[in-house]
Asks: 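Below you'll find the structure I mean.
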Amino acid sequence: MMLFFLIISLAASIVGAICGIGGGVIIKPLLDVTGLATVATSSFLSGCTVLAMSCYSVGKLMISGESRINLRRSTPLVIGSIAGGFLGSQLFGLVQGLFASPDTAGAVQAGCLLVVTLGTLLYTMFKDRFHTLDVKNDLLIVLIGVFLGAMSSFLGIGGGPINLVILFYFFSMETKTASQNSLYVILFSQISNLVTTFATGSVPEFEPVALVLMIAGGIGGGIIGRALSKRMDNSHTDKLLMGLMVVIMGVCVYNMTRFLA
């Protein structure tokens, strides 16, 4: 059973490293499907895995000199996402407190993720029809980052496809550039999210072996994903992302029905 944690984290992190979605958007729903962890624990394990993968991926990009990360744009996003991550964690705690069963909070998460993923899929399919922007105002960029951080923290996904849509639309980035900048934002938002979790004493119960396996899968996925990404162009990355989002939506629908049953 523990091997399943490694398989999920490795596969999700490979795709996450290629597409710039972190992997949490895959890990969180799959852990909910299997029932191997509670809603809070799956969010925590997912966040730790995403942190390990993004830390390796961003660090390797910086060291190798292959980075397309636009620090001028992405750093204000990071600042905003850190604040947003704190707000998202508090919002999730509030939602949990509204219901007697933690499964209901899981259904809310799954429903929100379904809507976000559907919107992202539609935008990705028809993005050539949209007139994109080139936002340069630092305050506006920070506010966009707050929204990103709050969404990723509340959904427990570490960023997900919504990061890419924001980078596509507001900053006119092409797919591979957006992927790298998304991982940069995810890295710091996850650090903030985990610091908040520990500082508030809200770390859920978890199996230490499961955490170690998932972190190992996150790093391994970052290594493999980076190697595969070099062989893929933007069109291939877009197709992988769209296929993945269809799968995620199916899992979200299943989780909603299971949690509410």
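Just so you know, these numbers come straight off a predicted model, no measurement behind them.
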Asks: Rounded to the nearest 0.5 Å, what's the gap from CD1 on I21 to OG1 on T120? Could you check?
Replies: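 Taking CD1 in I21 and OG1 in T120, the distance rounds to 10.0 Å.
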Asks: Cluster question for you: counting only ILVMFWY and a side-chain heavy-atom cut-off of under 4.5 Å, with indirect links fine, are F188 and I63 together?
Replies: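 As far as the 4.5 Å side-chain criterion goes, I63 and F188 are not connected within one cluster.
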Asks: For T41, does its backbone N or O pair with a side-chain atom of T38 as donor and acceptor, under 3.5 Å?
Replies: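 Answer holds: yes.
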Asks: Within a strict 4.5 Å, meaning less than it, do heavy atoms of the M245 and V25 side chains meet?
Replies: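 A side-chain contact under 4.5 Å is absent here.
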Asks: Please give me the minimum heavy-atom distance between G222 and A17, naming the atom from each residue.
Replies: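 Heavy atoms only, the tightest pair is CA-CB, 4.1 Å.
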Asks: For S74 and V185, which heavy atoms make the closest approach, and how far apart are they?
Replies: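 Scanning both residues completely, I find the closest heavy atoms to be O-CG2, 4.2 Å.
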Asks: Parallel, tilted or perpendicular for Y123 and Y169, by the 30°/60° rule?
Replies: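 It falls in the perpendicular class, over 60°.
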Asks: Could you state whether F147 and I141 fall into the same hydrophobic cluster, counting links through intermediate Ile, Leu, Val, Met, Phe, Trp or Tyr residues with side-chain heavy atoms under 4.5 angstrom apart?
Replies: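 Yes; I141 is reachable from F147 via cluster members.
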Asks: Please, which pairs that meet ring-ring contact (aromatic ring centres under 6.0 Å, His included) have at least one residue in residues 223-261, sequence neighbours excluded?
Replies: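 Residue pairs with at least one partner in residues 223-261: there are none.
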Asks: Could you go through T175 and F168, starting from their C-alpha distance and side-chain angles, then the distance that decides it, and tell me whether this counts as side chain to side chain contact (heavy atoms under 4.5 Å, CB included)?
Replies: CA-CA 7 Å; T175 303; F168 290 154; 4.1 Å; yes
Asks: Find the distance between OG (S182) and CG (L164) and round it off to the nearest 0.5 Å.
Replies: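 Reported value, rounded in 0.5 Å steps: 5.0 Å.
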Asks: For the side chain of Q190 and the backbone of V50, is there at least one donor-acceptor N/O pair under 3.5 Å apart?
Replies: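 No: the side chain of Q190 does not pair with the backbone of V50.
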Asks: For residues Q109 and S43, report the shortest heavy-atom separation together with the two atoms involved.
Replies: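 Looking at all heavy atoms of both residues, the closest pair is NE2-OG, 3.8 Å.
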Asks: How long is the gap from CD1 on I223 to CG on L228, to the nearest 0.5 Å?
Replies: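 It comes to 12.0 Å.
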Asks: Shortest non-hydrogen contact from A40 to Q96?
Replies: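 Of all heavy-atom pairs spanning A40 and Q96, the closest is CB-NE2, 4.1 Å.
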Asks: So do the side chains of N181 and F171 get within less than 4.5 Å of each other, counting heavy atoms only?
Replies: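 SC-SC contact between N181 and F171 ruled out.
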Asks: What's the spacing between C112 SG and M256 CE if we round to 0.5 Å?
Replies: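 Taking SG in C112 and CE in M256, the distance rounds to 9.0 Å.
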Asks: I need the minimum non-hydrogen distance between A105 and F99, along with the two atoms involved.
Replies: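 Taking every non-hydrogen atom into account, N-CD1, 4.3 Å.
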Asks: State, yes or no, whether a side-chain contact exists between M214 and L6 at a heavy-atom distance under 4.5 Å.
Replies: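 Sidechains of L6 and M214: no contact.
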Asks: Against T117, only a single residue in V115, L114, L121, L113 fulfils side-chain contact (heavy atoms from CB on, under 4.5 Å); can you say which?
Replies: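 Running side-chain contact (heavy atoms from CB on, under 4.5 Å) over V115, L114, L121, L113 with T117 returns exactly one hit, L113.
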Asks: Tell me the closest heavy-atom pair linking T237 and I18, and the distance in Å.
Replies: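 So the minimum-distance heavy-atom pair works out to CG2-O, 3.9 Å.
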Asks: Test L155 against K28 for side chain to side chain contact (heavy atoms under 4.5 Å, CB included), laying out the working first.
Replies: CA-CA 9 Å; L155 296 175; K28 175 65 172 62; over 6 Å; no
Asks: Applying the 4.5 Å side-chain criterion to the ILVMFWY set and letting contacts propagate, would V212 and L194 be lumped into a single cluster?
Replies: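 In one cluster with V212: L194, no.
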Asks: Does any part of the side chain of L10, heavy atoms only, come nearer than 4.5 Å to the side chain of I224, both counted from C-beta?
Replies: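 Yes, close enough: below the 4.5 Å cut-off.
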Asks: Please lay out, stage by stage, how S9 and M53 fare under the test side chain to side chain contact (heavy atoms under 4.5 Å, CB included).
Replies: CA-CA 9 Å; S9 61; M53 185 279 290; over 6 Å; no
Asks: Would V116 and M151 count as a side chain to side chain contact (heavy atoms under 4.5 Å, CB included) if you check the C-alpha gap in whole Å, the side-chain angles of each, and the deciding distance to 0.1 Å?
Replies: CA-CA 9 Å; V116 168; M151 288 293 293; 3.3 Å; yes
Asks: Would you say the side-chain atoms of S57 pair up with the backbone N or O of S54, donor to acceptor, closer than 3.5 Å?
Replies: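 Side chain of S57 to backbone of S54: no pair is present.
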Asks: Do the non-hydrogen side-chain atoms of L211 and C48 ever get within less than 4.5 Å of each other?
Replies: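 SC-SC contact between L211 and C48 confirmed.
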Asks: Checking T49 against S46: is there a side-chain donor and acceptor pair closer than 3.5 Å?
Replies: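 Distance-only check fails for S46 and T49.
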Asks: Measuring only between side-chain heavy atoms, which start at C-beta, is V165 closer than 4.5 Å to F170?
Replies: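 Side chain of V165 against side chain of F170, heavy atoms only: no contact under 4.5 Å found.
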Asks: Exactly one of L241, I26, V247 should register a side-chain contact (heavy atoms from CB on, under 4.5 Å) with V15. Which one does?
Replies: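 The side-chain contact (heavy atoms from CB on, under 4.5 Å) with V15 is passed solely by I26 among L241, I26, V247.
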Asks: Are L167 and L71 co-members of a hydrophobic cluster defined by side-chain heavy atoms under 4.5 Å apart?
Replies: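 Same cluster: L71 reaches L167 through Ile, Leu, Val, Met, Phe, Trp or Tyr contacts under 4.5 Å.
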Asks: Would you mind checking if R73 and D138 are paired as a salt bridge, meaning a charged N to carboxylate O distance below 4.0 Å?
Replies: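 Here D138 does not pair with R73 in a salt bridge, since their nearest N and O are not under 4.0 Å apart.
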Asks: Keeping S81 on the side-chain end and V146 on the backbone end, is there a donor-acceptor pair under 3.5 Å?
Replies: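 Not a single qualifying donor-acceptor pair exists.
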Asks: When you compare the side chain of I27 with that of L45, does any pair of heavy atoms fall below 4.5 Å?
Replies: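 Contact flag for L45/I27 side chains = no.
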Asks: Ion pair present between K127 and E174, side-chain N to carboxylate O less than 4.0 angstrom?
Replies: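 No, this pair does not count.
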Asks: I82, L139: one ILVMFWY side-chain cluster at the under-4.5 Å cut-off?
Replies: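 No, I82 and L139 fall in different hydrophobic clusters.
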Asks: Is a side-chain N or O of S64 found less than 3.5 angstrom from the main chain of L61, in a donor-acceptor match?
Replies: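 Looks like yes, one N/O pair under 3.5 Å.
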Asks: List in chain and number order the residues that pass side-chain contact (heavy atoms from CB on, under 4.5 Å) with V58, two or more places apart in sequence or in another chain; answer none if no residue qualifies.
Replies: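 Expected list: M62, I69, L183, Y184, L187.
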Asks: Is there a side-chain contact between E66 and K60 in this structure, where contact means two heavy atoms from C-beta onward sitting under 4.5 Å apart?
Replies: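 No; the side chains remain at least 4.5 Å from each other.
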Asks: Which distance, rounded to the nearest 0.5 Å, do you find between the SG of C19 and the CG of L244?
Replies: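 Reported value, rounded in 0.5 Å steps: 6.5 Å.
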Asks: Check each of V251, T257, V253 against N255 using the side-chain contact (heavy atoms from CB on, under 4.5 Å) test, and report the only one that passes.
Replies: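 Exactly one pass, corresponding to V251.
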Asks: Is it true that D134 and S172 share a donor-acceptor pair across their side chains at a distance under 3.5 Å?
Replies: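 Side chains of S172 and D134: no pair found under 3.5 Å.
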Asks: How long is the span from the CG atom in L98 to the OG1 atom in T104, to the nearest 0.5 Å?
Replies: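 The OG1 atom of T104 is 10.0 Å from CG of L98, to the nearest 0.5 Å.
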